[in-house]
Enquirer: 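Next up is a structure, given as structure tokens.
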Amino acid sequence: MARIGFIGLGNMGGPMAANLVKAGHSVTGFDLMPDNMARAISGGVAAAPDIAGAVAGAEIVVTMLPAGAHVRQVYTGPGGILASAAKGTLLIDSSTIDVASARAVAAAAAEAGMAMLDAPVSGGTGGAEAGTLTFMVGGDDSAFAKAEPVLQKMGKTIVHAGGPGNGQAAKICNNMVLGISMIAVSEAFALAEKLGLDHQKLFDISSKSSGQCWALTTYCPVPGPVPASPANREYTPGFTAAMMLKDMKLAQEAASLANATTPLGAQAAQLYSLYCSQGQGNMDFSGIIKMMRGNR
Ligand code: NAD
């Protein structure tokens, strides 16, 4: 069993660290927020007073932080991971961040004598608690081979997507599809309502036809056809509109840097931005259907 440092013990990192403890690993954690630190301690994580304390003696360090700026700071800032961890430590960042930051930090880690993987996840807080996350991993083969058994304690599906940054690339491409397809499904239901077509009838037909997609069949934005979808509980998340907006913006940033043309992604980012600006950022992203039908 490994000695693991874990930095960022929030909604995702807290339960992920607890699953590593349950698997028999020795986990030492650090978070800036005392409440999150306390919750992690109750899950069996040993508390460190700072980053250096969390990474001291660790074979593997996992980070689960809000955004690229936090990851850059925690890795390359004074007293950060690269200044504090021993050469040869395996670094795994599971935050969802921009591809450019992921590649820059991986290069800085290599210079400091440490292999780094970007390993963002999908599956949300439910998946983090149940240990059923999907990990999309970027980095070299030997680092991936070493990380895989540890990631398996926090997730069910582990995919090696290629070199550094490719885990983040996979994550934002996938979420761009989801963000766009949720708007498409919402528009279709809003149109069906105007045409007098019943929700269930549209669902029954489309879910067996060429309109079939995850946003429709697993996460249907109207109540009824998929009882577990957030539409059945007034759009309490699930996956917040603010998080979807973050991922759509990351996709646009990456598209701009790579000279890729993503007009529907750009339009979808604008629509989630508008929805969030109406005070709906903490609602589930599928609640965007209300905006599509004029806030009803
Ligand atoms: P969160 O805000 O609950 O947790 C982030 C934690 O990082 C906080 O506890 C914060 O105090 C800590 N932190 C920030 N800066 C720090 C620093 N310098 N040192 C130590 N700790 C620091 O966020 P979350 O929901 O756990 O999400 C984490 C990441 O996972 C994000 O990148 C998010 O996009 C991604 N993600 C979240 C979900 C979800 O459903 N919540 C799903 C998939 C991916």
Side-chain angles (χ1 to χ4, degrees), residues 1-66 70-71 74-75 80-82 84-86 88-97 102 105-106 109 114-140 142-161 167-168 171:
M1 287 297 136
R3 157 84 181 85
I4 299 175
F6 206 117
I7 296 157
L9 298 159
N11 293 323
M12 296 291 290
M16 288 165 71
N19 281 334
L20 292 176
V21 172
K22 271 189 218 149
H25 293 297
S26 155
V27 183
T28 303
F30 173 65
D31 195 290
L32 293 175
M33 288 172 65
D35 282 357
N36 289 349
M37 205 61 246
R39 199 182 47 170
I41 292 167
S42 69
V45 173
D50 51 23
I51 294 171
V55 307
E59 295 147 60
I60 295 173
V61 173
V62 183
T63 42
M64 194 53 166
L65 298 160
H70 306 88
V71 172
V74 164
Y75 276 80
I81 294 171
L82 299 188
S84 312
T89 308
L90 173 62
L91 311 176
I92 304 173
D93 179 42
S94 282
S95 328
T96 301
I97 68 169
V105 176
M114 296 173 225
M116 182 178 172
L117 298 168
D118 50 295
V121 300
S122 74
T125 50
E129 273 153 30
T132 55
L133 294 168
T134 294
F135 283 87
M136 297 152 253
V137 188
D140 72 35
S142 62
F144 178 76
K146 192 170 166 200
E148 197 175 16
V150 174
L151 299 179
Q152 276 163 348
K153 302 300 180 200
M154 300 183 281
K156 204 166 65 173
T157 307
I158 323 292
V159 183
H160 191 190
Q168 299 295 349
K171 166 86 186 171

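All residue numbers refer to positions in the sequence shown, counting from 1. Because only heavy atoms are used, hydrogens play no part in the values below, and waters and symmetry mates are left out as well, while side chains stay in.
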Enquirer: Below 4.5 Å, heavy atoms only, C-beta onward: do R39 and L9 meet side chain to side chain?
Expert: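 No, too far: nothing below the 4.5 Å cut-off.
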
Enquirer: So does A119 get a backbone contact from the side chain of S94, meaning a donor-acceptor N/O pair under 3.5 Å?
Expert: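 Yes, S94 side chain to A119 backbone: donor-acceptor pair under 3.5 Å.
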
Enquirer: Is it true that a side-chain atom of D31 and a backbone atom of N36 form a donor plus acceptor pair closer than 3.5 Å?
Expert: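 No: the side chain of D31 does not pair with the backbone of N36.
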
Enquirer: Between the main-chain N or O of M1 and the side-chain N or O of E59, is there a donor-acceptor pair closer than 3.5 Å?
Expert: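 Checking the backbone N and O of M1 against the side chain of E59, no donor-acceptor pair under 3.5 Å is found.
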
Enquirer: So, taking the atom named OH in Y75 and the one named CD1 in I7, what distance separates them when rounded to the nearest 0.5 Å?
Expert: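 Y75 OH to I7 CD1: 7.5 Å, rounded to 0.5 Å.
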
Enquirer: Within a strict 4.5 Å, meaning less than it, do heavy atoms of the V74 and L65 side chains meet?
Expert: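 When only atoms from C-beta onward are counted, L65 and V74 do touch, with a gap below 4.5 Å.
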
Enquirer: Only one of I92, V121, T157 clears side chain to side chain contact (heavy atoms under 4.5 Å, CB included) with F135; which?
Expert: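 Single pass found, and it is V121.
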
Enquirer: Does the side chain of D118 reach to within under 4.5 Å of the side chain of K171, using non-hydrogen atoms?
Expert: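 No, every pair of side-chain atoms sits at 4.5 Å or beyond.
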
Enquirer: If I compare all heavy atoms of A54 with all of A48, which pair ends up nearest, and what's the gap?
Expert: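 So the minimum-distance heavy-atom pair works out to N-CB, 3.3 Å.
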
Enquirer: Measure across V137 and H160 and return the closest heavy-atom pair with its distance rounded to 0.1 Å.
Expert: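 Nearest pair, atom of V137 first, then H160: O-CD2, 3.4 Å.
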
Enquirer: What distance do M154 atom CE and T132 atom OG1 have between them, rounded to the nearest 0.5 Å?
Expert: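 Going from the CE atom of M154 to the OG1 atom of T132 covers 12.5 Å.
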
Enquirer: Tell me if a side-chain donor or acceptor on Q168 pairs with a main-chain N or O of I97 at a distance below 3.5 Å.
Expert: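 Looks like yes, one N/O pair under 3.5 Å.
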
Enquirer: May I have the step-by-step check of side chain to side chain contact (heavy atoms under 4.5 Å, CB included) for I81 and T63, ending in yes or no?
Expert: CA-CA 10 Å; I81 294 171; T63 42; 3.6 Å; yes

Enquirer: Quick check for you: to the nearest 0.5 Å, what is the distance between M16 atom CE and M64 atom CE?
Expert: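 Interatomic distance, M16 CE to M64 CE, rounded to 0.5 Å: 4.5 Å.
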
Enquirer: So, taking the atom named CG in N11 and the one named CD in E129, what distance separates them when rounded to the nearest 0.5 Å?
Expert: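 Reported value, rounded in 0.5 Å steps: 9.0 Å.
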
Enquirer: Taking only residues two or more places apart in sequence, or in another chain, which ones meet T96 in a side-chain hydrogen bond (donor to acceptor under 3.5 Å, both in side chains)?
Expert: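 Checked T96 against side-chain hydrogen bond (donor to acceptor under 3.5 Å, both in side chains); zero matches.
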
Enquirer: Nearest 0.5 Å, please: how far is NZ in K22 from CG in L20?
Expert: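 It comes to 10.5 Å.
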
Enquirer: Between the main-chain N or O of A56 and the side-chain N or O of R3, is there a donor-acceptor pair closer than 3.5 Å?
Expert: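 Judged by distance alone, yes, a pair lies under 3.5 Å.
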
Enquirer: Do M114 and V61 make a side-chain contact, defined as non-hydrogen atoms from C-beta onward lying under 4.5 Å apart?
Expert: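 No, too far: nothing below the 4.5 Å cut-off.
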
Enquirer: Mind checking whether K156 and T134 have side chains closer than 4.5 Å, heavy atoms only?
Expert: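 Side chain of K156 against side chain of T134, heavy atoms only: no contact under 4.5 Å found.
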
Enquirer: Of all heavy-atom pairs between S84 and V55, which one has the smallest distance, and what is that distance?
Expert: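 Answer, listing the atom of S84 first, then V55: CB-CG2, 3.6 Å.
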
Enquirer: Can you find a pair of side-chain heavy atoms, one from V45 and one from F6, that are under 4.5 Å apart?
Expert: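 No, side chains not in contact.
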
Enquirer: Is the side chain of N19 donor-acceptor paired with the backbone N or O of A128 at a distance under 3.5 Å, no angle test?
Expert: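 Side chain of N19 to backbone of A128: a pair is present.
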
Enquirer: Taking all heavy atoms of D93 and all of S95, pick out the closest pair and write down the distance.
Expert: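 Looks like OD1-OG, 2.6 Å.
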
Enquirer: Return yes when atom NZ of K146 has more than 12 non-hydrogen atoms of other residues, nucleotides or ligands closer than 6.0 Å, and no otherwise.
Expert: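 Counting other residues, nucleotides and ligands, NZ of K146 exceeds 12 neighbours.
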
Enquirer: Looking at every non-hydrogen atom in both residues, tell me the closest pair between L90 and A143 and how far apart they are.
Expert: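 Here L90 and A143 meet closest at CD1-CB, 3.8 Å.
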
Enquirer: So, do L91 and L82 sit near enough that their side-chain heavy atoms are less than 4.5 Å apart?
Expert: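 L91 reaches L82 side chain to side chain.
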
Enquirer: Check P15 against G10 and note the closest heavy-atom contact, atom names and distance.
Expert: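 So the minimum-distance heavy-atom pair works out to CD-O, 3.7 Å.
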
